[in-house]
Amino acid sequence: MSPMLQKIEIRHDYKAGDLGHIIRMHGEMYNYGKEFEFYVGESLSDFFKHQNPEKERFWIAELNGWIVGSICLKKADDWAQLRYLLLDERVRGIGLGKRMIDLFMTFMKECGYQKSFLLTEKQLNTAANLYEKLGYQYVSSTFTDFGLEERRYELVL
C-alpha cells in the first residue's frame, strides 16, 4: 500500500460542506457547464435528504482534511446504483479507486443486492475499463439534456 493511500481516511458520515465540495469537484473536473453542475447538485441534495442508511451509503475520502474522492451506492428499485465515483487527479493511480469500489461492492452484497448499474459519460474510458474489469457490461446509451452521451453498464451477481 502506498504511503499516500495509508494517509487517506474514508468515512460515510455527512459533514457540513461535503455536498458543496463534491459539486465543486464535479464542476471543475468535468467542466460540462452549469446544467451539469445543477444536475449533480440536485441529485446529490436529493440523495442526502432521502437516504436510507440501511440500503444506501455515500463514502468520502479525505487526505489531511481535504476531500479527494467519493463514491455512492444509491438504491434504485432492487438495483444498487454506483454513483459519484470521483478521484482528485493528485490521488489517482495509488489504489484509492479500487479501495472505494471494494467498499461499494462489500456494502452492496451485505445489503442483499443481486444487481447493480451505473451511468457514465462516453469519453471516460479509464472509468469504463475499471467497471468492465469488475464485471459490469455495457448495455445502452442515451443523450443527456446537457449534450453528453451517457452509457449504462450493468452487473448481475
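As the structure is a prediction and not an experimental result, all values here were calculated from the model.
Distance CD1/Ile8 to CD1/Ile60: 13.0 Å, rounded to 0.5 Å. With rounding to the nearest 0.5 Å, the separation of CD in Gln81 from OG in Ser116 is 8.0 Å.
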Show, in sequence, the C-alpha distance, side-chain angles and deciding distance for Phe58 and Tyr14, and conclude whether the ring-ring contact (aromatic ring centres under 6.0 Å, His included) test is met. CA-CA 8 Å; Phe58 199 100; Tyr14 179 82; 8.7 Å; no
Before you tell me yes or no, could you show the steps for Arg11 and Glu62 under salt bridge (charged side-chain N to carboxylate O under 4.0 Å, His left out), namely the whole-Å CA-CA distance, both residues' side-chain angles and the distance that decides it to 0.1 Å?
CA-CA 8 Å; Arg11 61 179 170 79; Glu62 289 184 325; 3.1 Å; yes
Verdict with supporting geometry, Lys49 and Ser45, side chain to side chain contact (heavy atoms under 4.5 Å, CB included) = CA-CA 6 Å; Lys49 282 183 198 175; Ser45 177; 3.4 Å; yes
Exercise for review: Decide yes or no on side chain to side chain donor-acceptor pair (under 3.5 Å) for Thr120 and Tyr153, but give the supporting numbers first.
Suggested key: CA-CA 8 Å; Thr120 189; Tyr153 288 80; over 6 Å; no
Check step by step if side chain to side chain contact (heavy atoms under 4.5 Å, CB included) holds for Val156 and Gln114. CA-CA 6 Å; Val156 178; Gln114 296 297 308; 5.8 Å; no
Run the numbers on Tyr30 and Leu124 for side chain to side chain contact (heavy atoms under 4.5 Å, CB included), then give the verdict. CA-CA 10 Å; Tyr30 296 122; Leu124 300 178; 3.8 Å; yes
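Scored by the side-chain hydrogen bond (donor to acceptor under 3.5 Å, both in side chains) test, Glu149 finds Ser141 as partners (sequence neighbours excluded). Take Glu121 and apply the side-chain hydrogen bond (donor to acceptor under 3.5 Å, both in side chains) test, not counting sequence neighbours, and it matches Tyr32. Residues satisfying the side-chain hydrogen bond (donor to acceptor under 3.5 Å, both in side chains) criterion with Ser70, sequence neighbours excluded, are absent altogether.
Looking only at distances, a side-chain donor or acceptor of Asp18 sits under 3.5 Å from a matching main-chain atom of Lys15. Between the side chain of Gln51 and the backbone N or O of Phe47, no donor-acceptor pair lies under 3.5 Å. A donor-acceptor contact shorter than 3.5 Å is absent between the side chain of Arg151 and the backbone of Thr142. Under the 3.5 Å distance criterion, the side-chain polar atoms of Thr106 are matched with a main-chain donor or acceptor of Asp102.
The pair Arg152-Glu154 meets the salt-bridge criterion, since a charged nitrogen lies less than 4.0 angstrom from a carboxylate oxygen.
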Report all side-chain donor-acceptor pairs from residues 71-78 shorter than 3.5 Å, counting only partners two or more places apart or in another chain.
from  : atom 1 : to    : atom 2 : distance (Å)
Lys75 : NZ     : Asp77 : O      : 2.5

Give the table of side-chain donor-acceptor pairs shorter than 3.5 Å for residues 82-92, with sequence neighbours excluded, one pair per line with atom names and distance.
from  : atom 1 : to    : atom 2 : distance (Å)
Arg83 : NH2    : Tyr39 : OH     : 2.9
Tyr84 : OH     : Ser43 : OG     : 2.4
Asp88 : OD1    : Arg90 : N      : 2.8
Asp88 : OD1    : Arg90 : NE     : 2.9
Asp88 : OD2    : Arg90 : NH2    : 2.7
Arg92 : NE     : Leu87 : O      : 3.0
Arg92 : NH2    : Leu87 : O      : 2.9

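For Gln137, the CD atom sits in a loose shell: 12 or fewer heavy atoms of surrounding residues, nucleotides or ligands are nearer than 6.0 Å. Enclosure of atom CD in Glu150 by more than 12 non-hydrogen atoms of other residues, nucleotides or ligands within 6.0 angstrom is indicated. Within a 6.0 Å radius of CD in Glu54, other residues, nucleotides and ligands contribute 12 heavy atoms or fewer.
Applying the ring-ring contact (aromatic ring centres under 6.0 Å, His included) test to every pair with at least one member in residues 92-133, sequence neighbours left out, gives these pairs: Trp59-Phe107, Trp79-Phe117.
Side chains of Ile10 and Met100 form a contact here, defined as non-hydrogen atoms less than 4.5 Å apart. Between Leu5 and Leu96 there is a side-chain heavy-atom pair separated by less than 4.5 Å.
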